[in-house]
Structures are given as C-alpha cells and as structure tokens.
Protein chains: 2
Amino acid sequence: MGITKTAIFTDQDNSLAAIAKALAHPARIAILKHLIKQDSCICGDLVLEIGLAQSTISQHLSVLKQTGLIKGNISGTSVCYCIDTEAWQQANQTFAGLFAAGIPTSNDCC
Amino acid sequence: MGITKTAIFTDQDNSLAAIAKALAHPARIAILKHLIKQDSCICGDLVLEIGLAQSTISQHLSVLKQTGLIKGNISGTSVCYCIDTEAWQQANQTFAGLFAAGIPTSNDCC
DNA sequence: ATCTTTTATCGTAATATTGCAATATATTAA
DNA sequence: TTAATATATTGCAATATTACGATAAAAGAT
C-alpha cells in the first residue's frame with residue numbers, strides 16, 4: 001500500500017524510524033554536514049554546494065525542519081538554517097542506545 | 001523522479017544514507033531489537049511478534065540482509081537470522097561520527 | 001512603486017516503498 | 001512418495017519520495 005502501519009509499533013520504534021528516515025538521503029546528510037562544518041548558519045549556499053535545484057534543496061530542508069533536526073531564522077531576504085542542538089543530541093542518544101544494546105557476545109548465527 | 005542522484009554525493013554520504021534507509025521503518029527497527037534481545041537467532045517468530053504478513057516480514061528481512069546489518073543461516077525448514085556484529089559496530093561508528101562532529105558550541109541560529 | 005534576490009510552494013513525472021494474497025521452493029515428517 | 005511446514009518470490013494496488021520547472025511570496029535595493 002505504500003503506507004506504514006504505525007499503529008502496530010511502539011512510539012519509540014516509530015520515532016527512531018522517523019529520525020532515520022530524515023537521515024536516509026545523501027542530500028540531507030550533506031546538508032547536515034555542511035551546517036555542522038559552518039557552525040554559523042548558511043542558507044541558499046547549499047544549492048551551489050550540492051548540485052540540486054533550489055526547489056529540491058528547499059524540500060530537503062523542509063524534511064529536516066519537520067523532523068526537528070534543524071531550525072531556520074529569517075534574516076533579510078534569506079533564511080538561515082542551523083542544527084537544533086537539543087534535537088541533535090537527543091537523536092545521538094537514541095541511535096547510541098540502539099547500537100549499544102545491540103552488540104551480542106558472539107557473531108555466530110544459531 | 002523518485003530516483004536519488006547518488007553520483008553527485010560522496011561515497012560516505014551515500015553509505016550513511018543507505019544505512020539510515022535500512023533503519024527508516026519501524027518494522028525493521030522492531031526486527032533488529034528482537035534479534036538483539038534474543039541474541040540467539042529467531043526466524044518466523046517475527047511474523048507473530050510483529051503484526052505483519054509473512055511476505056512483508058520476509059521483505060523487511062531482505063532489506064536488512066542486503067544492507068548487511070543481519071545475516072541468515074538455513075537451519076532445517078526455517079531460517080535463522082541474527083545481527084552481523086561487524087556491520088553493526090561499523091554502523092554504530094558511522095552514526096557516532098556524524099553526531100559527535102555535529103554538536104556546535106551555541107544553539108543560536110545566526 | 002518597481003526591480004531584484006531569496007526562499008517556499010505547486011504541479012507534474014518518474015520511480016520507490018509498503019503491504020498483502022497467491023504461489024513457488026525447499027526441507028522435514030509420515 | 002506425499003503431506004506439512006517455513007521462507008522466498010511474484011504480482012498487484014496504494015501511497016510516498018525525489019526531482020525539476022514555474023510560479024508565488026517576502027524583503028531589500030533603486
């Protein structure tokens with residue numbers, strides 16, 4: 001159906017999947033890395049930096065903003081984006097929790 | 001177009017996005033957690049554990065296997081799946097690297 | 001007020017994902 | 001061999017995603 005049955009999963013699992021989904025595109029990874037690198041925020045330089053159309057970059061930014069990983073301030077005609085530190089650290093914790101729990105003693109299957 | 005322009009991104013970004021994509025569904029998160037919890041491997045119990053059709057679970061397992069996060073051994077009529085420890089630790093490192101680099105000094109945008 | 005710049009949104013097309021039923025395949029049990 | 005069990009694959013249908021061009025909206029410059 002192309003639609004995920006969110007109701008049958010835990011909130012935690014849905015939430016983790018949602019964050020992963022936001023990270024599940026190289027353009028969004030590139031955007032986040034660029035925001036991290038610059039520390040101070042950039043705006044439409046991303047369009048030049050990454051080779052995608054302006055509308056496409058805008059869409060990716062929208063996805064990241066909706067997930068809460070980034071936030072944007074209007075400054076003049078341009079918009080200044082940056083990592084939302086709190087959400088970022090929370091995402092870090094969430095993934096760390098998943099991975100930390102998941103290192104079994106042996107690597108043998110049955 | 002529905003198709004990602006992988007060519008314009010770095011291998012690292014594509015790889016990170018690919019792992020994130022594998023984690024970007026609650027069913028797959030639930031499967032991984034179950035595999036972690038059981039340590040010893042399970043097979044079609046997942047169909048009962050998670051409320052999805054057998055064919056759907058099989059597809060999700062296929063996605064996880066293709067990404068390399070899990071592996072499966074045939075044991076009788078059933079197949080025994082488990083986390084691929086090495087790939088799992090590598091994925092852990094990859095995400096940790098992204099998040100660790102990304103905690104800026106201030107949370108102010110511009 | 002008009003023009004320019006920057007970003008967001010809309011419309012559209014191509015492709016991907018999710019999910020299930022039905023079927024195929026493979027192995028064990030009888 | 002035949003039946004039963006477990007998993008994979010195939011064939012749909014519904015929805016989501018990716019991408020772009022065109023257009024709208026908002027703020028600053030002339």
Side-chain angles (χ1 to χ4, degrees), chain A residues 1-9 13-14 17-31 34-35 41-67 70-82 109-110, chain B residues 1-9 13-14 17-31 34-35 41-67 70-82 109-110:
Chain A
M1 299 180 183
I3 192 165
T4 298
K5 288 187 161 181
T6 51
I8 68 171
F9 302 105
D13 289 355
N14 281 320
I19 303 171
K21 206 172 189 176
L23 301 176
H25 195 287
R28 293 197 286 271
I29 297 290
I31 289 172
H34 203 81
L35 287 175
C41 326
I42 33 104
C43 4
D45 310 320
L46 291 163
V47 178
L48 299 175
E49 190 73 16
I50 304 166
L52 291 173
Q54 181 269 319
S55 57
T56 307
I57 295 291
S58 187
Q59 268 183 326
H60 283 302
L61 285 167
S62 175
V63 170
L64 290 170
K65 200 162 60 174
Q66 277 185 336
T67 318
I70 66 171
K71 51 185 182 177
N73 278 341
I74 298 171
S75 107
T77 65
S78 61
V79 175
C80 184
Y81 285 102
C82 63
C109 224
C110 308
Chain B
M1 299 180 183
I3 193 164
T4 298
K5 286 188 162 180
T6 51
I8 67 171
F9 303 105
D13 289 356
N14 281 320
I19 303 171
K21 205 171 190 176
L23 301 177
H25 195 288
R28 293 196 286 271
I29 296 290
I31 288 173
H34 203 80
L35 287 175
C41 326
I42 32 105
C43 5
D45 310 320
L46 291 162
V47 178
L48 299 175
E49 190 73 16
I50 304 166
L52 292 173
Q54 182 268 320
S55 57
T56 308
I57 295 290
S58 187
Q59 268 184 326
H60 284 301
L61 284 168
S62 175
V63 170
L64 290 171
K65 200 161 62 176
Q66 276 186 336
T67 318
I70 67 171
K71 51 186 181 177
N73 279 340
I74 299 172
S75 109
T77 65
S78 61
V79 176
C80 183
Y81 285 102
C82 65
C109 223
C110 307

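Treat the numbers as computed from the prediction; the structure is a model and nothing was measured. Values reported hereafter were calculated over all heavy atoms of this structure, with side chains retained and with hydrogens, waters and symmetry mates removed. Residue numbers begin at 1 in each chain, while the letters A, B, ... track the order of the sequences.
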*asked:* Generate the contact string for nucleotides 1-7 of chain C. Rules: B means base contact, S means sugar-phosphate contact only, - means no protein heavy atom under 4.0 Å.
replied: ----BBB

*Measure from the side-chain heavy atoms of A:Ser55 and tell me the nearest of D:dA22, D:dA19, C:dA22.*
D:dA22

*If you measure from CG on B:Asp13 to CD1 on A:Ile31, what distance do you get to the nearest 0.5 Å?*
10.5 Å

*asked:* So which atom in B:Arg28 and which in B:Lys21 form the shortest heavy-atom distance, rounded to 0.1 Å?
replied: NH2-O, 3.2 Å

*Could you state the atom-to-atom distance from CD1 of B:Ile8 to C1' of D:dC20 in whole Å?*
13 Å

*N/O (side chain, A:Lys21) to phosphate O (OP1/OP2, D:dT17) under 4.0 Å*: yes

*Please work out if A:Leu52 contacts a base, only the sugar-phosphate, or nothing of the nucleic acid, heavy-atom cut-off 4.0 Å.*
sugar-phosphate

*Return the minimal non-hydrogen interatomic distance between A:Gly72 and A:Tyr81, and the atom names on each side.*
CA-CD2, 3.7 Å

*Taking atom C1' of D:dA14 as reference, at what distance in whole Å does atom CD of B:Gln59 sit?*
14 Å

*Under 4.0 Å between a side-chain N or O of A:Thr56 and OP1 or OP2 of D:dT18?*
no

*A:Ile57 CD1 to C:dT9 P: how many Å, rounded?*
16 Å

*If you pin A:Thr6 and A:Lys65 to their nearest nucleotides in DNA chain C, which one's is more 5'?*
A:Lys65

*Nearest 0.5 Å, what's the OG-CD1 distance between B:Ser62 and B:Ile57?*
12.5 Å

*SG-CD1 distance between A:Cys80 and A:Ile42, expressed to the nearest 0.5 angstrom*: 8.0 Å

*Does D:dT17 have OP1 or OP2 sitting under 4.0 Å from an N or O in the side chain of A:His60?*
no

*Between P of D:dA19 and CG of A:Leu61, the distance in whole Å*: 13 Å

*Angle class for the A:His25/A:His60 ring planes (parallel below 30°, perpendicular above 60°, tilted otherwise)?*
tilted

